[in-house]
Each structure stands twice: as structure tokens, then as C-alpha cells.
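Scroll down for the structure; my scribbles are underneath it.
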Amino acid sequence: MPSLKNIISKLCHSPRQDTHTPTRPAVSPALPVSSVTAIPAAKKAVKSKKKTKTKAKVAKMKISSRECNGDDGEIDDSHSRSPSPDPAIETWQNGMAMETDAVTVIENKDKLSVPIKNDVEQNSMVKLASKLNGAVVSLKKAPSKEKPNKDQLFVTALHTPNPFKTLATRKESSPSLPESLTSCLRSSLFPRVPPYLKFVSHDETVPLKIPTAIQKHLKWKLTTITPIVVKKTLTNSGFRLVKSECDTAECPQEETVDWIGIWGKHMKSIMFRAIKDGQKMNHFPGTFQIGRKDRLWRNLQKLASKYGVAEFGIMPKTYVLPHDLKILKHDWEKYAANNERWIIKPPASARGTGIKVVSRWTQIPKKKPVVVQRYVSKPYLINGSKFDLRLYVLVTSVHPLRIYLYKDGLARFASVKYNDELSSLNDRYMHLTNYSINRLSKNYTPNEDFAACEGHKWTLQTLFQYLKTEQNVDINALWESIKDLVIKTIIAGEASISSLTKANITSRYNCYELFGIDVLLDEDLKPWLLEVNISPSLHSASPLDIHVKGPLVSAVLNAAQFHVPRAEQAGLPYDSRLYTVYLSKEERDKHIIYTNMEDRDLYLRDILSTLTPDDVRHLLQAEDELTQSGALQRVFPTRHSHKYLPYLAGPRYYNRLFDAWETRYAEDREPGVELLRALCDMGYHLQTPGVPLKRAAAQQLDRCRMTWTRRRRPPRRGPPCPRSRRSGPPRSRSGPSLPQGPRAPAQTRCPARRLSRRPPRCSPAPSAAPAASPSPSPPSPSPSPSPSPSSPSSPPRTDLNMNECDEKEQC
Ligand code: ADP
């Protein structure tokens, strides 16, 4: 077996265009439409002979995929299909079942109709491909401009002994959704990918028609901070809002544990382990790395010292006190002659709380933890007033990084005209642009009309229109510099978010996050980053607010791509295999090879020529997501975003994969989509490795620990629980409750029942250690002051250390 080093070196030294794929001569991996895969007609004869064997293999594959799904039978259910009460669903479901029967196994490359060349030249690719067990695939170009015929698509899979010998093919693509489902579901672009839920507008007047088989699964867990506009969007889209931890006759707890979405506060990273497969939360672990002003600065500072202030000087110079007091003193003296102004802020606060503009050293707190920042004293003014911008940024994935920037936003004006006299520094209505502050000013004028340049709040679109027509500003250039700032800001937190996500999340389905980024334009229209809010206010009291935030919410939820969970009745289940984070050995090898490649041209040339099932899963998800972008503009990855790749903590495989994908298909996506369709048609994307035993055990242990931590609360007083003998699924299915949301009144809960329950079987931890001190790895969330999921005496807390942002601000 050749070593990885040999493979890389062969690959690197193989002639570029002459490198034949092992499957098809004259098809270069560098061509826009790549590679080859074949299921020749002759093969179908082989198929029927092997029917019995095939069925056995399919059964085996199903079993293995069930095993892959992890812990319980619950997820198995999600793949099973049972008759639906809805005839339309039934028809659709039958279609799916028929297709699933049409399964082919390609076992032996000798049987392929396309001869495999044995050139020495090809060796590197052959070895690489067989090493990776990927299909070297390409679309055979149709002679005309017509869509390629399915028969013209042919697939060759190169196999090495591995757990996934089967490649399934289907006679047809996925049937389109029946009429009755199209109002509430959107098909994927790809066969064998479950459809996504549609989210309609907050002000939709006609309720969605949703078959009961689906609607019963649409549960959203309410929290105390779920914004009204989110609630309206959800109820209009057919969701039921369930209270957390509710345990009353009207709202039994079993009802509340199977939620599929939550809009809550950020929480400690370890709590993300409690999120189940098929559930989505509006945060990633670790985003406080950009959500706190001190951490944001530190992370940007690291990048600036590495790549230069010209690239990363996007935030006014900041000093984190008391640590940076000496440096501040030094710089203070340096700038003293200019009468420099400084702004003091708490490191993790919002809404202008605790902020002061100062010019004297004595005003600087020497011991208190604050950030001191150079004041941008020449801001861009409109009608003599200072304003800042609120941008909305959606991150749907961290590795690979996918960032969207909402095309609209807010411009918030100070209510007193600006001057930079030292004597006016105390005037908060002049120097701060927060709505929470300025609405208290007697000068404050609301703006009810989203299209008007009036009052102290405008939409971003109106502002741009104004700048273009009235001030002759080059809006495109301004938007480009804003996009640059947004990408760099997210990159500043990428390393930490990525590693905390890796450590705490086992399904790529679980997280997405909407950020509110505040930016100030200086007199040269240079955008300066002020802060990042990890729970931006979606308060929408005025028509202008709702005009901006209403469409934002439905766009975000659609781009987050929710599936119908465990819809065994509907036959449209969420499929956990699509979001697995586990890789086969071959896939890991491919990651190593392409992560170690130094030359971009090399990975651009080859990384797409051997797509693994995991690659296909990532690419199809991103393609489906892109169809939802609309008002959300994808700013990373794009055809040109590779210039940011060196700024990431290290070369990252998926970012390179997407770089190559965008380079090849950004201009014309259809061939790329068609290629993925062909692979999905074979079920290639559903080939997943098992969960590594160690990891599975660790996950189980985590769940047990967290569940147990919750159960070990001191007993509470209350009347006997009327539902204590209720039958139904064991409560441990719920995992730990997430720490948001209103709590049920004490008397509705039944502590005795929880305490009397035996500790979970799966872990020695509950009996071996007390709640606060489980074994060190992985740490259990301590009951206090961390977000104890169900602390009896206090409302559940989230990580209060991070910037709580403006989630309550009516911005
Ligand atoms: P908060 O999170 O409390 O809103 P910000 O950092 O956004 O804190 O600051 C509040 C306001 O103060 C901003 O909206 C802006 O108007 C003003 N501001 C903040 N930093 C600066 C700065 N460096 N230069 C000029 N104005 C600033």
C-alpha cells in the first residue's frame, strides 16, 4: 500500500491534463464537467442474476446505516416508512419505496464496460481514487446543449475492500412532491434527499395547508426571548409553539421534548451536546469569541499581527483593561497632542449601557474590566448627524464556512447633530447611535415609512439609495468593503467556533446562527467594526422594523433548511446520514492529502475528480441552501473568496473543496448540480461510516451525565403529580433540557418522580460521582452558575459572560 506521502508526490508530479482518470480516457479532472461513472446496460443483466444477493446486501446496508445512526431506535424510525393517512403522501411514499427497490450493486470493477487503462501516468489518480473509495465521476457531455440524458450518465466506482461495497442506483429521479405537499414542503434539488419545510412570511394571511401527518411533528420550543416576529413566522408556517419543561395535563412533557427548532440565547458549549439529531438551534458553540467586545478585539488583533493592519485593521484600536493599561498609557501620551477622544465600554454589554466618550486620563478606570477604544471622531454625517449600520449576517456552517449577508438592514441616527468639541463629549444623544438611548431624547423622530429618508431610523436600502442619488457615493464599492469586513469578522472567530463545534456537535444539522454586526462609516466611507451581536434584536414594533426583519426571519429559517423529523407517517423523514460528521478511512485520507497540499492549483485540479460520499453530502446541502439565498447574499464561499482562505487558522479541507467547486461551477451551476444529482440518484451520498465506538460511548456518557445532572435536583415541595403513572416513552429520550425558556410553575412539576427514577444504565458516572464532579472528560455542566438546565430556584441561565447583545433592545 503506497504511503500518503507517495500518493501526494505522485499526484503533484503527474502531468496536469494528461492524467487520465482510470475510468475514462480523455476526461480530465480539470475540465469544467468532470469525470465519468457508468452503469452500462450490460450491467443490468448482472443485476438480475444477483438480485437475491443484492437484496441481502441492501438489507445489510440498511442495518449498517441504522447502526451508524447511533443510539436509539428513534432514529431508525426516521428512515422507516409506514402508510400515511394522506393519500397524496401515500402515493409519493410509494414512489420512493419503488425506487428504493431498484438497487444495483457494483462490486467488481472488472465488470465495468469502460476499460480501465493501466498507464503509469494514470497511476497516481488510480491509486488516489481507489484509496479514497470515491467515485471518479463525470458527466458525459451531451452532444447538444440539451440536458444530459440519464442513460448518458455513467458511473464507475473504484473500490477497495471497505465497509461500503454497495452503490445503489435508481431507475428514476426522486418524484416531485404531490400537490398537497408543495405548499408546506420544498423539494431538494437532488433525489434521495428529504424535502425541506417552507417558512412563510410573518404576515401571511392564508394559513398553510399541512397534512396532519406532517403537522403533528412541527413543534417549536419557546424560550423567553423568542421574538414575536419569529413566533408569527412559525405559527403561519404550521408550527405549534411548545413551552419548555412544561409538565401539565394540557401540555405534557412528552409533547415538549420532540421539538425541532428553538430560538434562544446562546449557551455554554457543552450544552450543545444535548441537542438531538433532527433538532436545530440558532447558535453555534463558541460564538462569544466574536460576540464579546474584548474577545473580538483579541481575535482580530491576532490576525492583524499576522497579516497586517492594512488587512485586519477593521476595528478601531482597542485596549482590554486592566491587562492593556500600560500600552494604553503609552499610546495615550503619543496621541495626547491631537486631543484624542476615547470611548469606554463594558466588554460584554449592549444597548449603549455603561458607554462613555472621554478625553482625560483620569476618566479611565484602572482596575475595572472594560474596553477602551479609539473614538472615530470624524464619522460620515447625514444632515449633520452621526449614524451606524446594523447588518444581518447568517452563518449556516462553520466548516466549511458559509456566510450570507442580508441585503437590507438598518441605519440608526443620533438624535443631536454632531460636533467634535471636547465640551460635548458628555452628550450621549450626539455620540451614541443606539435606538435604546436616542428614543429617550426629545428630538427623536420615529420613521414609519420604510422607503422614506426621514426620522432617526432608515432601512439600509433607503440609505444606499440616498447615498447614491444625493451624495454620489459608489454604492457597489461600499458594499464590497462591507462584505470584506463581514467575512473578516467571522473569520476572526472561526478557529474557536470550529473547534468547539467539532468537540460538541455530532450532527451538521444542529446549528445555524444569525449575527447582528454594527458598523460605523467614517468621513471617507471606510466601514469600522463596532461590535457583533449574537442575538440581534428582532423586535419589530414599527412598520419599518417589520419591513426589514419580517422577511429576514423567513429567509433565515428557509436557508437553515429544516426537515420534517421522524415523520414515519408521512414518509418524508429527516435522514441523519446526510449530516453525519463521521468519515470513512478513505475520506479521512482524502482530507489529509488535500489539506497538506500547498499549491492551490493542485487542489483545484484534483479535489473534485474524486468525490467521496461525504463531499457529495456537503455540496448538495450547500446547493440546496443557495436556492434559498434570495435576499441573503452568499459572501463566502464565492468564486473569489479564496483570497480569505490563508486567514483561516489552517488549511481546511472543506473550504478547499468549496473553493474548487465555486471556481468550476460558480458561473454555471447546472453541470455541478447535474453531477451531484447523478450521484444522489445512486444513493452514493447516503453511504456513511459507523460512529466510532469510542465516540458513541462518549456521546452516550454525555447524555447520561447531563440528564442525570438535571435529575439530581434537591426535592421540591408540591402536590403529587397527577400524571406520574403516565405511560409513554421514557423521559430520558428528551436528553437534558436546554436552558432557555419559561419554567412551569413549581406545583405542576413532580420532583419525586424524577428523583425516584433510576440513574441511566449507560454510564457509570451517575452512581460513581456526584452531580457537580463527574469524571473530567468530557466535563459535565456544573449546576451553578453555569446554565443549569433546570435549577429549581432560579430561572435557567445561559452564559451570561458573553455579550448578551441587544436581544431585548428595540433597535
Ligand atoms: P453597545 O453594544 O452597547 O451598543 P457599541 O460598541 O455598539 O456598544 O457602541 C454604542 C454606540 O457608540 C455605537 O452605536 C456608536 O454610535 C458609538 N461608538 C461605539 N464605538 C465607537 C467608536 N470607536 N467611535 C465612534 N463611535 C463609537
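When a ligand or atom number is given, it counts from 1 through the structure's own listing order. Quick caveat, the model's predicted, so the values are computed rather than measured.
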With backbone taken as N, CA, C and O and side chain as the heavy atoms from C-beta onward, which portion of [X] lies under 4.0 Å from ligand 1: side chain, backbone, both, or neither?
X: D388; result: side chain
X: R374; result: backbone
X: V357; result: neither
X: K293; result: side chain
X: N533; result: neither

query = Under 6.0 Å between the ring centres of W458 and F413?
reply =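 Close enough - the centres of the two rings lie under 6.0 Å apart.
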Check: [X] N/O within less than 3.5 Å of ligand 1 N/O:
X: G352; value: yes
X: Y375; value: no
X: V376; value: yes

key: Donor + acceptor pair across side chains of S415, N438 (<3.5 Å)   = yes
request  = Would you please say whether a donor-acceptor pair under 3.5 Å links the side chains of E494 and Y644?
outcome  =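 Their side chains do not contain a donor-acceptor pair, so the 3.5 Å distance test is not met.
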request  = Run the numbers on D420 and K378 for salt bridge (Lys or Arg N to Asp or Glu O under 4.0 Å), then give the verdict.
outcome  = CA-CA 8 Å; D420 65 350; K378 296 202 183 305; 3.5 Å; yes
Atoms in ligand 1 flagged as close to [X], the criterion being non-hydrogen separation under 4.0 Å:
X: T433; value: 13 (C), 14 (O), 15 (C), 16 (O)
X: H431; value: 16 (O), 17 (C)
X: S349; value: 2 (O)
X: K345; value: 5 (P), 6 (O), 19 (C), 20 (N)

request  = Can you sort out the partners of N447 under side-chain hydrogen bond (donor to acceptor under 3.5 Å, both in side chains), two or more places apart, ordered by chain and number?
outcome  = none
ask   = Partners of Y418 by side-chain hydrogen bond (donor to acceptor under 3.5 Å, both in side chains), sequence neighbours excluded?
value =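 Y418 satisfies side-chain hydrogen bond (donor to acceptor under 3.5 Å, both in side chains) with no residue once adjacent residues are dropped.
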message = For K345, I'd like to know if atom NZ has over 12 heavy atoms of other residues, nucleotides or ligands within 6.0 Å.
response = yes
task = For the residue pair Y380 and F387, categorise the inter-ring angle as parallel (less than 30°), tilted (30 to 60°) or perpendicular (more than 60°).
result = perpendicular
ask   = For the residue pair F562 and F239, does the interplanar ring angle fall in the parallel (under 30°), tilted (30 to 60°) or perpendicular (over 60°) class?
value =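 Judged by the thresholds at 30° and 60°, the geometry between F562 and F239 is perpendicular.
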request  = Using non-hydrogen atoms of the residue, decide whether R412 is closer than 4.0 angstrom to ligand 1.
outcome  =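 False for this residue.
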